[in-house]
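Below is one structure, written out as structure tokens; comments come after it.
In what follows, every heavy atom counts, from backbone to side chain, and hydrogens, waters and symmetry copies are set aside.
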Amino acid sequence: MTKSNVVPFRKSRKSGSKTDRYRWPGKSGPSRSRKPLTAILCAVVIALGGWLSFNGTGNLSGLLAAARTPTADSSSAAFSICGADRRVDCIVDGDTFWFEGKKIRIADIDTPELSPPRCEAERIKGEAAKARLLALLNGGKFSLSAGLRDEDKYGRKLRTVTRAGRSLGATLVDEGLARRWDGARHGWCG
């Protein structure tokens, strides 16, 4: 029996057939299923959605600030209350202060307004927040961290203020003198 040099004819596969859906483009060989990759992507999206819906956004600014926080607190000054002509290392209200010639708005909180307050309760709480911010800033070295935006529409530098990795704004929130900043001002009266 002699061997033949004839190669059996194999029908070419039609493009667009059922098995093409499971092949990676440009890859030859056995079909690879995309199901594991799709499952992983779906799991990541679901986990991210769950994290965001269960107050993940409240911690997002803290995470961003932590990523940009210097390793050691290096800023300090002797702060006082700002006067009509005093704009150097002083406190304007519970979430705004002057430091090294720059007006800084604490980015992660909102405190009651003092100029002008809408009611007596807002004025009282605003004065308490202002006094507490003065004590916190004079309490030792701190760090300033920029967030997603450098400044607000009033030209104030938006910064998260931390000491030993903890937000001073979060301290004011914990003490009931501020709210987490959610992008809008809310009233403090009634």
Side-chain angles (χ1 to χ4, degrees), residues 48 51-52 54-190:
L48 181 61
W51 177 74
L52 289 173
F54 290 105
N55 204 18
T57 55
N59 299 327
L60 191 56
S61 64
L63 290 173
L64 291 172
R68 292 185 176 98
T69 302
T71 54
D73 297 329
S74 58
S75 300
S76 67
F79 287 92
S80 62
I81 301 296
C82 294
D85 59 347
R86 178 160 171 75
R87 297 286 183 240
V88 178
D89 300 337
C90 62
I91 309 300
V92 176
D93 61 21
D95 57 21
T96 307
F97 62 98
W98 284 85
F99 178 60
E100 295 180 345
K102 294 179 185 138
K103 194 171 188 181
I104 298 174
R105 166 73 160 75
I106 301 177
D108 58 344
I109 61 167
D110 181 40
T111 59
E113 290 301 316
L114 289 173
S115 57
R118 287 175 227 126
C119 63
E120 185 63 12
E122 183 173 47
R123 186 192 68 74
I124 291 169
K125 194 168 259 192
E127 289 293 341
K130 180 178 176 178
R132 183 63 175 131
L133 180 60
L134 176 67
L136 287 170
L137 288 175
N138 282 329
K141 292 186 177 203
F142 57 88
S143 295
L144 297 173
S145 305
L148 298 174
R149 291 179 39 214
D150 185 53
E151 44 181 64
D152 66 5
K153 64 183 179 180
Y154 304 109
R156 300 176 295 186
K157 298 294 183 185
L158 295 172
R159 301 292 183 261
T160 300
V161 186
T162 57
R163 176 175 296 121
R166 170 126 169 93
S167 166
L168 298 186
T171 301
L172 289 167
V173 170
D174 292 346
E175 294 174 1
L177 299 172
R179 294 185 184 126
R180 290 197 190 291
W181 177 249
D182 66 359
R185 294 203 177 270
H186 302 284
W188 292 85
C189 300

Table please: side-chain donor-acceptor pairs of residues 168-175 below 3.5 Å, with sequence neighbours left out.
residue, atom, partner, partner atom, Å
T171, OG1, S167, O, 3.4
D174, OD2, R166, NH2, 2.3
E175, OE1, R132, NE, 2.7
E175, OE2, R132, NE, 3.3
E175, OE2, R132, NH2, 2.9

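In this structure, OG on S80 lies 7.5 Å from CG on L134, to the nearest 0.5 angstrom. Distance check, rounded to the nearest 0.5 Å: CD of E127 to OG1 of T111 gives 11.0 Å. Put simply, SG on C82 and CG on D89 are 9.0 Å apart, with the number rounded to the nearest 0.5 Å. One finds the NZ atom of K130 at 9.0 Å from the CD1 atom of I91 (value rounded to the nearest 0.5 Å).
In terms of heavy-atom proximity, D95 sits nearest to D93 at OD1-OD1, 2.9 Å. Nearest heavy atoms, S143 versus A72: OG-O, 3.8 Å. The two residues L144 and I104 have their closest heavy-atom pair at CD1-CD1, 3.6 Å. Closest approach of R118 to E122, counting heavy atoms only: N-OE1, 2.6 Å. The nearest pair of heavy atoms linking T96 to R156 is OG1-NH1, 3.3 Å. Contact detail for L177 and A128: the closest heavy-atom pair is CD2-CB, 3.8 Å.
N138 is linked by a side-chain hydrogen bond (donor to acceptor under 3.5 Å, both in side chains) to nothing, counting only residues two or more places apart in sequence or in another chain. Every residue meeting the side-chain hydrogen bond (donor to acceptor under 3.5 Å, both in side chains) condition with E113, not counting sequence neighbours, appears here in chain and number order: R185. Contacts of R123 classified as side-chain hydrogen bond (donor to acceptor under 3.5 Å, both in side chains), with partners at least two apart in sequence or in another chain: E120. Under the rule for a side-chain hydrogen bond (donor to acceptor under 3.5 Å, both in side chains), K141 has no partner lying at least two apart in sequence or in another chain.
Sorted by first then second residue, the ring-ring contact (aromatic ring centres under 6.0 Å, His included) pairs that include residues 78-103, not counting sequence neighbours, are F79-F97, F79-F99, F99-F142.
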(message) Applying side chain to side chain contact (heavy atoms under 4.5 Å, CB included) to L136 and V161, what does each step give before you reach the verdict?
(response) CA-CA 10 Å; L136 287 170; V161 186; over 6 Å; no
(request) Evaluate the criterion salt bridge (Lys or Arg N to Asp or Glu O under 4.0 Å) for residue pair D108 and R159; output intermediate values, then yes/no. (result) CA-CA 8 Å; D108 58 344; R159 301 292 183 261; over 6 Å; no
(request) For salt bridge (Lys or Arg N to Asp or Glu O under 4.0 Å), just list the numbers for R105 and D110, CA-CA rounded to whole Å, side-chain angles, deciding distance to a tenth of an Å, and then say yes or no. (result) CA-CA 9 Å; R105 166 73 160 75; D110 181 40; 3.7 Å; yes
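Atom NZ of K125 has 12 or fewer neighbouring heavy atoms from other residues, nucleotides or ligands inside a 6.0 Å radius.
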